[in-house]
Chemist: 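Below you will find the structure I want to go over with you.
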Amino acid sequence: MFSRWPLTFRGTGAALLAAACLVLAQRFALAELVYLAVLLVLLVAGSIATLYLVRRSERVTRSFDPAVVSVGDEVAVRLRIEIRSPLPAAQGRWHDALPDGVHGEANGVFPETSSGVRAKGRDTELAYTATAARRGIRNIGPLSVVATDPFGLARRRHTIGRALPLTVTPALVELGPLADQSGDLGGGMHSATDQLGQGSDNLVPRHYVPGDSMRRIHWRASAHRDELMVRQEEQETTPEAVVVLDRTAAHWAPDAARSAGADAAFEAAVSACLSAAALLAREGYTVAVIDGDGAALSDEVAGGDAAGIERLAVDLATVKARRDGSLAGPRSLFASDPTGPLVIVAGAIDDADAAALAPLVHHTSLPLLLAAAPAEGALRHAAERGWRAAEIGDGVDLAAAWNVAVDRGNLGARRVDA
């Protein structure tokens, strides 16, 4: 914090010297000391007046590079200050206010500024680097400047401009592929087929039925099978995957519902949610990200859509736990319709939650359950019901935990510390 005292060390010394001169002038009857004291007082008063009474205009423009930053990454903050004043100002100090969750050395020497009487003055550029430590919308600024007069006797602390919000997204962890072995799920771009009976692309033979056009007969297949076969269109579609983030407040610490970035376990879950969605999109899936009640947390991300993952990261920057949240959504959404991989990122679940999620195993091609601080035995019971489960949370290596969950031999009771 800058001192509120309006005088610098030099100015304080000048004021004390003026007081001493007045005392000595009265004691020894020296008129010269009175003149010196008056001169010092006028000089200090004039210095204060140049800072507090002279009108000056100031404006600051702040920018971030990158404009959106992930937890753990650095952001370059640049400030351009436009100062217009009829009097020059000596060298001072500056400090940019950083919120909780952003760390850095946001202070330094403010250069001297020229007079604006004969010229339009000079713009000043400042820069520093900060590290984003917590997810959320973090306000950077305002800028505080301590300006001094040309003689360096007086100083004035004032604030320039307003704070600018910086979006801090969850940490994106590079996860391993869904499978490393042939025959397993995952490991590249996927496709599924819908049989339509007509068309000209990706043709495959099927049995002839009355009403089929003779022009559709597949003569080679008919000769091979000794019966009439017709061409059938095979249409490629993109498979779907779903990532569920448990926002049930009862499964998290109270801070998870108060503000983004406040609860370490919930932050690990949000990071896991984003990381899993990014992997599934790279694997070629169209990914839907929802909460435990089935509400969409962002737009669907198409397979291979890097921009969609960036949008998802921004949407997850402010997500919090909900006091009325639950894990009932997946059970109702997937009770009948099958889906591709289903990743549930949960909090402090217990055996009852594991039992309630058990029916979903039969409606997904790959059931994955990641839980932060689960009750003892909950993941083991979930694994016995068909889930590929692992524990995540503060201090856990997410990439290693993901590999544990994807492993076919996983028993759902392992924790991998970072």
Side-chain angles (χ1 to χ4, degrees), residues 71 135 170-179 185-186 241-248 251-253 256 263-281 283 285 287-292 297 312 316 319 321 325 327 329-331 334 339-351 353-358 360-361 364-418:
V71 170
R135 177 180 60 91
L172 178 59
V173 180
E174 191 77 17
L175 302 180
L178 292 182
L185 291 171
V242 179
V243 179
V244 181
L245 176 62
D246 178 17
R247 298 172 64 192
T248 308
H251 292 168
W252 306 100
D263 177 41
F266 190 73
E267 293 312 293
V270 177
S271 176
C273 177
L274 174 63
S275 302
L279 170 66
L280 291 168
E283 294 273 343
Y285 291 97
V287 186
V289 181
I290 63 176
D291 65 12
L297 298 180
L312 172 62
L316 291 178
V319 69
L327 270 176
R331 297 197 296 270
F334 308 125
T339 184
L342 171 61
V343 182
I344 295 183
V345 185
I349 60 173
D350 53 22
D351 289 346
D353 296 313
L357 294 174
L360 294 176
V361 172
T364 171
S365 61
L366 180 62
L368 291 168
L369 176 62
L370 305 176
E376 183 177 357
L379 290 187
R380 180 170 54 83
H381 294 155
E384 291 171 353
R385 294 177 172 94
W387 287 98
R388 302 185 182 193
E391 181 178 353
I392 61 172
D394 188 26
V396 175
D397 186 332
L398 177 59
W402 174 265
N403 292 336
V404 167
V406 172
D407 182 7
R408 281 189 179 275
N410 165 46
L411 295 178
R414 285 182 280 177
R415 170 190 170 102
V416 183
D417 295 327

Chemist: With rounding to the nearest 0.5 angstrom, report the SG to CD1 distance, Cys273 to Ile344.
Modeler: 11.5 Å
Chemist: So how far is it from His381 NE2 to Asp350 CG, rounded to the nearest 0.5 Å?
Modeler: 11.0 Å
Chemist: Write down the atom of Ile349, the atom of Ala378, and the distance for their closest heavy-atom approach.
Modeler: O-CB, 3.8 Å
Chemist: Nearest 0.5 Å, please: how far is NE2 in His251 from CG in Asp353?
Modeler: 4.0 Å
Chemist: Heavy-atom distance under 4.5 Å between the side chains of Pro341 and Leu280, does that happen here?
Modeler: yes
Chemist: Could you grab the distance from atom CG of Asp291 to atom OG1 of Thr248, nearest 0.5 Å is fine?
Modeler: 8.5 Å
Chemist: For a quick test of reading the model, state the closest non-hydrogen atom pair linking Glu283 to Leu178 and the distance between them.
Modeler: OE2-N, 3.6 Å
Chemist: If you look at every heavy atom in Leu279 and Pro177, which pair is closest and at what distance?
Modeler: CD1-CA, 4.1 Å
Chemist: Stepwise, does the side chain to side chain contact (heavy atoms under 4.5 Å, CB included) test hold for Leu312 with Leu274?
Modeler: CA-CA 7 Å; Leu312 172 62; Leu274 174 63; 3.9 Å; yes
Chemist: Among Thr364, Leu357, Val361, which one satisfies side-chain contact (heavy atoms from CB on, under 4.5 Å) with Leu342?
Modeler: Thr364
Chemist: Mind checking the CH2-CZ spacing from Trp252 to Arg247? Nearest 0.5 Å is all I need.
Modeler: 11.5 Å
Chemist: Provide the closest heavy-atom pair for Trp402 versus Leu370 in the form atom of the first, atom of the second, distance.
Modeler: CE3-CD1, 4.1 Å
Chemist: Quick check: do Pro367 and Leu360 have side-chain heavy atoms less than 4.5 Å from each other?
Modeler: no
Chemist: Looking only at non-hydrogen atoms, find the nearest pair between Ala382 and Leu369 and report the distance.
Modeler: CB-CD2, 3.7 Å
Chemist: Does Val319 offer a backbone N or O that forms a donor-acceptor pair with the side chain of Arg135 under 3.5 Å?
Modeler: yes
Chemist: To the nearest 0.5 Å, how far apart are CD1 in Ile392 and CG in Leu398?
Modeler: 6.0 Å
Chemist: Using every non-hydrogen atom in the two residues, find where Leu368 and Ala405 come nearest and quote the distance to one decimal.
Modeler: CD2-O, 3.7 Å
Chemist: Within the structure provided, determine whether Asn403 and Val406 are in side-chain contact (heavy-atom separation under 4.5 Å).
Modeler: no
Chemist: Does the Asp246 side chain pair with the main chain of Gly347, one donor and one acceptor, at a distance under 3.5 Å?
Modeler: yes
